Each structure stands twice: as structure tokens, then as C-alpha cells.
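Below: the structure, in C-alpha cells.
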Amino acid sequence: MKTEHSEASDILAPVRKMVQACIQCGTCTGSCPNAFAMDYTPRHLWRMVMMGLTDEIFNSLTFYLCSACYSCTLRCPRGLPLTEAMETLKQIAVKENRLVNKPSQLFYRNFMESVRRHGRVRETEFMTLYFMDMKHPFLPFRYMPLGLKLLRKGKLSFQLPSGGNTLDALFRKAVEAEEANP
Amino acid sequence: MKYLYYPGCSLEGTASEYDFSTRAFMSAVGAELVEVTDWTCCGASAAPAINFLLSLVLPARNLALAEKMNQDCDMLVPCSACYLNLKNAEEHAGKNAALLHKINTVLEEDHLVFGNKIRVKHLLEVLSKDIGAEKIRSLVKKTFEGMVIAPYYGCQALRPYIVFDDPEYPQSMEPLIEAIGAKVHRWDMGGKCCGASHTTTKPEVGIELVSAILKKAKGADAIVSVCPMCQMNLEAFQDRVSEYQHEDLHIPVLYLPQLLGLAIGLTDKELRLDSNLSDLNGFLRKSEAAHHGSIHS
């Protein structure tokens, strides 16, 4: 039997499962503090997931603008896990290497790199990694006032975290286990 | 009263005053904190954006470490993002045995077993329910008569897990603020989003959200927060937001245990008041005057 969705759109399957009972009421959009900045509103995005518009979804910034406030999840009259659906889209974008929103993806990735290396995140190291990856020579200057403020308050540490246990093996195993049996 | 204590990475860095003031306050009310040995990062908002299983393994690792300590008590967590992740591990593992098994397969790598035996509590739950306003009132040495405090709860202490407060109209901080003699600032921004990491990755969006909160805080003498991410967003961008809104939106922002700590007589130093990024001097002067006014009247 021919399925409704082409093979390429199958990467959306886990998200489709989460939102298939959506009644398009728009409560999510009305509750979202970031909807004003999105190219597609949350309600619109769920419809696009049902229609399998994979490229449009992954070229949009909508799911990266979710700040996980859980207002939509709380209010959805169908009780759908909408914040989790936004997170799942972020996870699929990483897995499929669809780099649409460079700042957010590099922010998350470098945060996790610092955690993988030392077990705890060291904000100074993670922001340095982030700036290097962004390859934007003037970007660090935007954070200079804040950086200097933090430095004056003794909040920027250039030492690595105390409990320095690498989580390398744990990370590798988690990714393997997730890929083997998602 | 005893708790396992999971500070989380921010409390070792940019939110060190949250760590100091939490420990100082808890000790002053006679509660013992036992820090989880060799704790590691909970995954913050980064792990859930990258890998689902990892986002549960990271908090579960810490819960497994805590279980090994055999302390027979709940776990106290001051950071809302850590709280949510640890709670996620607790909830997912409780509902899905196959997932719990999968988490444990990964944790075997570190010779750890997660049995889902520990209850995770946010600091605000401990302050408002376990300790409570009455106990705090009985310890007050310095009242904040005539001062107005805006309670800011943020998101993840309230949602999605509805544990100790109303997720739309949070109120758990109000009796605590009233217990120290202050008035509660009436606003509807207490449970609204601070912009989280947007202030870094999408500043034009983050700044809008911070602006909306600071604008409605006008009229209050200070905002109190219970999350290092919220605190950073509300404090660190006040110059930028004021410039952008053509309006002076500077306001002192304190962590809740800093404010309550002051009221029960802890010193500025014990509460690390010099570490806050917002200017607290005016607030501290006014609170001294308020206190002396209330004893002499």
C-alpha cells in the first residue's frame, strides 16, 4: 500500500505521532512568547508536520525559537506534548545535519562539548568554543560589556571544573543506543 | 531536616551567589545539605536539543550517584533547568520501564544504576512548603516594611510538572515575601518566559522578552528569582534594554534566598550580595531605612 508520506518525510514520523490529534485551534500560538519572531506559528508548523513538508520545516526557524517555557504544553486542549515535539525537531535537525540555525545549534553543541570533556560545563570555555565556531570576528565584542562585568564580579573562571570526570564513554554509548533503537 | 544537594554548573560559575545564599539560608533554618558526590551536568537545555536519550542519561547519572549515598532524603535543586531535567528522568523512568532499562544500559559504562528512588524538589518548593512562611516569620530579625517585591518564578519550576504551585498564576512566593514584612508587587509576568538562551543566540528576540518583564516590574523595589538563567537575563541586560526602550528599566534583582537571608539576619557577605550584576545599593539603603522606621514607629 502506498503510504501517505514519501520516504524523505519519514524523518518527521516521531513528531507526527506527537501532534496527529492537533485540532488546529491555535492555543499554542496564542500562548507562545516567541511566536512574534517565528516564520511559521506553532499551529502552522504542526499542520506542516502532518502534511510532510520536511524541507519547509527544516528551513524554518520556528522550532529553534522555542525557549521551552511549556505554556503551549500546559494549555493544549488535546494534551499534546508540544514542547517535546519542538525538541524532537531540534534533535532530528542535528541527526540529519540540517544546519539552518547556526547560532542555536552551535550554542547547544559547544555546551555539550564542554560537558563531554569535563563532566560539568565551564561557561568561559563553552563561550570560547561557541565564538570560534561561529567564525564571526566581531561577535565576541557584542558580549564584551557582559564579559567584563562578569570578570569584575569574579564570575569568569579560566580553570577547568573541579570534578573533572570526562563523560566521553557515556556520551558515545548514549548516541549508539539511541541510533540502534530510537 | 536533611536534603541531598545538587547545585548544578551555573551555581559554580555565574550564579555562585545563589549557591552561597542557598547554603547559608538552609543552614540558618537548621536544614542539612549533603552535596551529591562527583555530580555532573544535567544536560541543561542543550542535551534535549541534541539527543533524547542523552537528555535523560545525564540527569539519571546524578540521581544514581545520589542513590549510592544512601541518605534517605529528597534532593534539593535550586536551578530550574536542572530541576526540569532531573524531574524528566524521574517521570520518564516511572512511566516507561523499557526506557529505564535503556538508561541503565548506558549508565553501566560508569558502573552506576538508576533505581528512580529519590524525589527531586525545587528550592522554591522546599522554602514555601517544607520550611514555610510561618517558620520564616518566626526567624525575622529585619523587616522589609513598606518595600515592594516582584516575585518572578520563570517557567520550568512551574511547568510542565505541576508540583507545588499554580502553573499559570503562581503564588508560592507571596506568603514568603509577606512573612518578611514586604508587599507583593501585583503583576502578571511572574510565570512568563525570560527568553532563556535567546539572549545569546537570538538577542533581538530575547531582549523583547526581558523588556516586557522589566517594564511591568516598574513600581517594585526589587525582583526576586529562583533560577540562574532567569536571574542572568533579568540582570545582565538592563543597560541594553533601557537604551532600547528609551526608559530607565534598571531594577535590583535578588535570588529569593538572598532576600529571605537578609530578613533573618544573614550578612551581605554570607549572601554574596556583591556578586549580583544589578545594583543593589539603593535597595539595601532603603531596606535599612524601612527596618529602622518600623522599629521606631
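We use all heavy atoms of the structure for the numbers below, so side chains are in, but hydrogens, waters and symmetry mates are not. All values derive from a computational prediction rather than experimental measurement. Letters A, B, ... are given to chains in the order of the sequence lines, protein chains preceding strands, and every chain is numbered from 1.
A/Thr88 does not touch chain B: none of its heavy atoms, backbone or side chain, sits under 4.5 Å away. When heavy atoms are compared at a cutoff of 4.5 Å, B/Leu107 approaches chain A by way of both its backbone and its side chain. Using a 4.5 Å cut-off between heavy atoms, B/Thr37 makes no contact with chain A at all. Looking at A/Met127, the atoms closer than 4.5 Å to chain B (heavy atoms on both sides) all sit in the side chain, from C-beta outward. With a 4.5 angstrom heavy-atom cutoff, B/Ile103 does not touch chain A via any of its atoms. In this structure, chain B has no heavy atom under 4.5 Å from any part of A/Leu106.
Of the inter-residue distances, the one linking B/Leu53 atom CG with A/Lys173 atom NZ reads 10.5 Å to the nearest 0.5 angstrom. Put simply, CZ on A/Phe36 and CD on B/Glu208 are 5.0 Å apart, with the number rounded to the nearest 0.5 Å. Atom CZ of A/Arg120 sits about 12.0 Å away from atom SG of B/Cys42, to the nearest 0.5 Å. To the nearest 0.5 angstrom, B/Leu54 atom CG is 10.0 Å from A/Gln91 atom CD. Here CG of A/Asn34 is found 5.0 Å from CG of B/Leu209. Values are rounded to the nearest 0.5 Å. In this structure, B/Cys9 SG and A/His118 NE2 are separated by 11.0 Å, a value rounded to the nearest 0.5 Å.
Annotation: maximal heavy-atom pairing with chain A below 4.5 Å, among B/Asp239, B/Val57, B/Val205, B/Ile50, occurs at B/Ile50. Between chain A and the residues B/Thr200, B/Leu56, B/Ile162, the most heavy-atom pairs under 4.5 angstrom are made by B/Thr200. Between chain B and the residues A/Leu146, A/Leu74, A/Thr83, A/Leu150, the most heavy-atom pairs under 4.5 angstrom are made by A/Leu74. Looking only at heavy-atom pairs under 4.5 Å with chain A, the residue among B/Pro48, B/Ala196, B/Gly13, B/Cys193 that has the most is B/Pro48.
A salt bridge links A/Lys155 with B/Glu17: the closest approach of a Lys/Arg side-chain nitrogen to an acidic carboxylate oxygen falls below 4.0 angstrom. Taking 4.0 Å as the cut-off between side-chain N and carboxylate O, A/Arg75 and B/Glu168 count as a salt-bridged pair.
A side-chain donor-acceptor contact under 3.5 Å links B/Arg159 to the backbone of A/Cys69. Not one N or O on the side chain of A/Lys153 forms a donor-acceptor pair closer than 3.5 Å with the backbone of B/Leu277. With hydrogens and angles disregarded, no donor-acceptor distance shorter than 3.5 Å links the side chain of A/Glu178 to the backbone of B/Asn51. Of the possible donor and acceptor atoms, none in the side chain of B/Arg61 sits under 3.5 Å from a partner among the backbone N and O of A/Leu170.
In terms of heavy atoms, B/Ser197 sits closest to A/Phe107 at CB-CE2, 3.5 Å. In plain terms, the two heavy atoms of A/Val94 and B/Ala49 that are nearest each other are CG2-O, 3.7 Å. Closest approach of A/Gly119 and B/Thr40 over heavy atoms only: O-CB, 3.3 Å.
At a heavy-atom separation below 4.5 angstrom, chain B is approached by no residue within residues 17-30 of chain A. Chain B is approached within less than 4.5 Å, heavy atom to heavy atom, by A/Leu61, A/Tyr64, A/Leu65, A/Cys66, A/Ser67, A/Ala68 from residues 61-68 of chain A, ordered by number.
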Under the side chain to side chain contact (heavy atoms under 4.5 Å, CB included) rule, what do B/Ser45 and A/Phe111 come out as? Steps first, then yes or no, please. CA-CA 9 Å; B/Ser45 55; A/Phe111 186 102; over 6 Å; no
Starting from the C-alpha separation in whole Å, work towards a yes-or-no answer on side chain to side chain contact (heavy atoms under 4.5 Å, CB included) for A/Met112 and B/Leu58. CA-CA 11 Å; A/Met112 292 316 287; B/Leu58 289 173; 3.5 Å; yes
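For B/Glu35, the CD atom sits in a packed shell: over 12 heavy atoms of surrounding residues, nucleotides or ligands are nearer than 6.0 Å.
Within the 4.5 Å cutoff, no side-chain heavy atoms of A/Tyr70 are placed close to those of B/Leu158.
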